[in-house]
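Quick caveat, the model's predicted, so the values are computed rather than measured. Values below: all heavy atoms of this structure, side chains included; hydrogens, waters and symmetry mates excluded.
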Amino acid sequence: QLQLVESGGGLVQPGGSLRLSCAASGRDLSINAMGWYRQAPGKQRELVATITRVGITNYADSVKGRFTISRDNAKKSVYLQMNSLKTEDTAVYYCNTEPPWRTFGGTDYWGQGTRVTVSS
């Protein structure tokens, strides 16, 4: 029943910026920590940023100082501001709870994600 819809991705040049949005529905996630994850081609999905219910944030070393995660519980939305983008940031980006939302079938739930391509 949970649905997570990511948006805001696209093609951007190195050094550019993008702002990703995540809209949640079907479940109240206001008590959950939330995160942004990404999966580059041929690589495992990795956690890049988290934010608790009260706004405490953490970042992977690879994005620290460049990315900012935020949330608006009233709008059931999570955001990721990405600045100074690098080619290595190219990936499909997903939002989810942290840890990821587990279905009754015992698997993690993931939305479709939004693709970010950083290229000249």
Is any side-chain heavy atom of [X] less than 4.5 Å from a side-chain heavy atom of [Y]?
{"X": "Gln44", "Y": "Gln39", "result": "no"}
{"X": "Gln3", "Y": "Ser25", "result": "yes"}
{"X": "Asp108", "Y": "Arg102", "result": "yes"}
{"X": "Arg66", "Y": "Asp89", "result": "yes"}

Look up atom [atom1] in [X] and atom [atom2] in [Y], then write down how far apart they are to the nearest 0.5 Å.
{"X": "Ile51", "Y": "Ile56", "atom1": "CD1", "atom2": "CD1", "result": "9.5 Å"}
{"X": "Ser30", "Y": "Arg71", "atom1": "OG", "atom2": "CZ", "result": "7.5 Å"}
{"X": "Cys22", "Y": "Lys76", "atom1": "SG", "atom2": "NZ", "result": "12.5 Å"}
{"X": "Met34", "Y": "Leu29", "atom1": "CE", "atom2": "CG", "result": "5.0 Å"}

query: Should Trp110 and Tyr37 be marked as a side-chain contact (heavy atoms from CB on, under 4.5 Å) after you check the CA-CA gap, both sets of side-chain angles, and the distance that decides it?
result: CA-CA 10 Å; Trp110 299 98; Tyr37 305 73; 3.7 Å; yes
field: hydrophobic_cluster_shared for Leu18 and Val5, side chain cutoff 4.5 Å
entry: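 No: no chain of side-chain contacts under 4.5 Å links Val5 to Leu18.
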- prompt: So if you build clusters from Ile, Leu, Val, Met, Phe, Trp, Tyr with side-chain heavy-atom gaps below 4.5 Å, do Leu85 and Val92 land together?
  reply: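 No, it is not one cluster - the side chains of Leu85 and Val92 are not joined through contacts under 4.5 Å.
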field: Working for side-chain contact (heavy atoms from CB on, under 4.5 Å), residues Ser17 and Gln81
entry: CA-CA 8 Å; Ser17 298; Gln81 178 66 46; 4.0 Å; yes
query: Under 3.5 Å, is there a donor-acceptor pair between the Arg38 and Tyr93 side chains?
result: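 There is such a pair between these side chains.
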Got a donor-acceptor contact below 3.5 angstrom from the [X] side chain to the [Y] backbone?
{"X": "Ser77", "Y": "Ala23", "result": "no"}
{"X": "Asn83", "Y": "Phe67", "result": "no"}
{"X": "Thr117", "Y": "Leu11", "result": "no"}
{"X": "Asn96", "Y": "Tyr109", "result": "yes"}

Considering non-hydrogen atoms only, spot the tightest contact between [X] and [Y] and give its length.
{"X": "Glu6", "Y": "Tyr94", "answer": "OE2-CA, 3.4 Å"}
{"X": "Ala40", "Y": "Thr90", "answer": "CB-O, 3.6 Å"}
{"X": "Ile69", "Y": "Thr50", "answer": "CG2-O, 3.5 Å"}
{"X": "Thr87", "Y": "Pro14", "answer": "OG1-CG, 4.2 Å"}
{"X": "Leu47", "Y": "Gly35", "answer": "CD1-CA, 4.3 Å"}
{"X": "Ala24", "Y": "Leu4", "answer": "CB-CD2, 3.7 Å"}

query: Should Val116 and Met82 be marked as a side-chain contact (heavy atoms from CB on, under 4.5 Å) after you check the CA-CA gap, both sets of side-chain angles, and the distance that decides it?
result: CA-CA 10 Å; Val116 172; Met82 306 186 295; 3.7 Å; yes
Step through the shown structure and confirm whether more than 12 heavy atoms of other residues, nucleotides or ligands are within 6.0 Å of [atom1] on [X].
{"X": "Gln112", "atom1": "CD", "answer": "no"}
{"X": "Asp72", "atom1": "CG", "answer": "yes"}
{"X": "Arg115", "atom1": "CZ", "answer": "no"}

field: Validation row, ring centre Trp36 to ring centre Tyr79 under 6.0 Å
entry: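 No, too far apart.
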